[in-house]
Amino acid sequence: MQGFFRSIYDWLLRMFWYVGARASSRSSGGRCVRATEMDVTMVGLQNAGKSSLLRVLAGGEFTVDSIPTIGFNTKRVQKGHVTLKCWDLGGQPRFRPMWERYCRGVNAIVYIVDAADRQSLTASTDELRDLVSKPTLEGIPLLVLGNKSDLPDVLSVDELIDAMELKSITKREVSCYGISAKEETNLDAVLRWLIARSNR
Ligand code: GDP
Ligand code: MG
């Protein structure tokens, strides 16, 4: 009897696969498209805007008061046939030792900085240096985002590159963009950069 239910279950699974594959090939104009998943880890000090950015990328609303992330928060962001599996890691000092573990083997690391908070820039730079010095993370592409570009007196991208000495980071691809999670500025460029790093 158990075998009977098992074969019905297998048949149903096959049907779902078939219907799903037909739907995806129709939506892509008849071409069969392979879905791609990629892992992205978002790190940075507390208050940089990681959770806000992830919420907005996933299609949610920006909110002014956001609750500090305890541990981590995860979301899937679907863009075309690419699914970004994003880990947003807590930025308080007690969570920083776990950044390296969650960055291992990912397609890209996104490091978020509050570009309006000059006081925390040294701490943010030190944490980034520490992270990229880990041998386990060698070669993983790094995207540094200067967030909160909507605020007055923010650091420009060039200033951020200089202040964080990003040009001295070697053995990996490094890019830096200015964004605003609040005003959704430059988020398309962020998604394009990420998707271009998937293993398609
Ligand atoms: P996290 O600790 O890195 O996850 O940071 P949150 O996403 O919790 O954001 C911290 C604070 O910064 C919250 O009050 C957000 O509303 C605010 N914030 C995040 N992104 C932006 C932005 O682009 N512009 C402005 N003005 N505020 C932002
Ligand atoms: Mg958070």
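Every number for a ligand or one of its atoms is a count from 1 in the order of the listing. Everything numeric in this text was worked out from a predicted model, so none of it was measured. Atom set for the values below is all heavy atoms of this structure, side chains included, hydrogens, waters and symmetry mates excluded.
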> Between OG of Ser180 and NZ of Lys148, what distance do you get to the nearest 0.5 Å?
Replying inline: 10.0 Å
> Among protein heavy atoms, which sits nearest to atom 7 (O) of ligand 1, and what does the distance come to when rounded to 0.1 Å?
Replying inline: Ser52 OG, 2.6 Å
> Does a donor on one side chain sit under 3.5 Å from an acceptor on the other, for Ser198 and Thr36?
Replying inline: no
> Among protein heavy atoms, which sits nearest to atom 12 (O) of ligand 1, and what does the distance come to when rounded to 0.1 Å?
Replying inline: Lys148 NZ, 2.9 Å
> After noting the C-alpha distance and the side-chain angles of Asp88 and Arg55, does the key distance pass the salt bridge (charged side-chain N to carboxylate O under 4.0 Å, His left out) rule?
Replying inline: CA-CA 10 Å; Asp88 156 25; Arg55 195 176 318 118; over 6 Å; no
> Among all residues two or more places apart in sequence or in another chain, which pass the salt bridge (charged side-chain N to carboxylate O under 4.0 Å, His left out) test with Asp158?
Replying inline: none
> With a cut-off of 2.8 Å, how many protein N, O or S atoms neighbour the Mg ion (ligand 2)?
Replying inline: 2
> Non-hydrogen atoms of Asp114 versus ligand 1: any pair closer than 4.0 Å?
Replying inline: no
> In ligand 1, which numbered atoms sit nearer than 4.0 Å to a non-hydrogen atom of Leu151?
Replying inline: 26 (N)
> Is the closest basic N to carboxylate O distance between Glu127 and Arg96 below 4.0 Å?
Replying inline: yes
>> Under 4.0 Å from a heavy atom of Gly49: which atoms of ligand 1 are those, numbered in the order shown and with their elements?
In response: 1 (P), 3 (O), 5 (O), 6 (P), 7 (O), 9 (O), 19 (C)
>> Checking the N or O distance criterion of under 3.5 Å, is ligand 1 in contact with Ala181?
In response: yes
>> Can you confirm, on distance only, whether ligand 1 has an N/O atom lying under 3.5 Å from any N/O atom belonging to Ala48?
In response: yes
>> Please determine whether a side-chain nitrogen of the Lys or Arg among Glu138 and Arg172 lies less than 4.0 Å from a carboxylate oxygen of the Asp or Glu.
In response: no
>> Less than 3.5 Å apart, any donor N or O on the side chain of Thr83 or Gln78 sitting next to an acceptor on the other?
In response: yes
> Between Asn107 and Asp39, does any side-chain donor sit less than 3.5 Å from a side-chain acceptor?
Replying inline: no
> So, Ser168 versus Arg129: side-chain donor-acceptor pair below 3.5 Å or not?
Replying inline: yes
>> Closer than 4.0 Å to some heavy atom of Ser51 - which atoms of ligand 1 meet that?
In response: 4 (O), 7 (O)
> So is Gln46 polar-close to ligand 1, meaning N/O to N/O under 3.5 Å?
Replying inline: no
> Does ligand 1 have a heavy atom under 4.0 Å from the side chain of Asn47, from its backbone, from both, or from neither?
Replying inline: both
>> Counting non-hydrogen protein atoms only, what is the nearest one to atom 3 (O) of ligand 1? Give residue, atom name and distance.
In response: Lys50 NZ, 2.7 Å
> For Glu159, does its backbone N or O pair with a side-chain atom of Ser156 as donor and acceptor, under 3.5 Å?
Replying inline: yes
>> A cation-pi test, strictly: NZ or CZ of Arg197 under 6.0 Å from the centre of the six-membered ring of Trp193 and no more than 45 degrees from its axis. Yes or no?
In response: yes
> Does ligand 1 have any atom sitting under 4.0 Å from a heavy atom of Leu45?
Replying inline: yes
> Side chain, backbone, both or neither: which part of Asn147 comes within less than 4.0 Å of ligand 1 when only heavy atoms are counted?
Replying inline: side chain
> Without hydrogens or angle criteria, can the side chains of Glu100 and Thr136 be said to hold a donor-acceptor pair below 3.5 Å?
Replying inline: yes
> Would you call the rings of Trp87 and Phe72 parallel, tilted or perpendicular, where under 30° means parallel and over 60° means perpendicular?
Replying inline: perpendicular
> Does Trp99 reach the main-chain N or O of Gly90 with its side chain, forming a donor-acceptor pair under 3.5 Å?
Replying inline: yes
>> Would Val64 count as being in polar contact with ligand 1, using the rule that some N or O on each side must be under 3.5 angstrom apart?
In response: yes
> In terms of residue, atom name and distance, what is the protein heavy atom nearest to atom 8 (O) of ligand 1?
Replying inline: Ser66 OG, 2.2 Å
>> So if I count the atoms of ligand 1 from 1 in the order they appear, which ones are less than 4.0 Å from some heavy atom of Asp150?
In response: 22 (C), 23 (O), 24 (N), 25 (C), 26 (N)
>> Under 4.0 Å, counting heavy atoms only: does Gly44 come that close to any atom of ligand 1?
In response: no
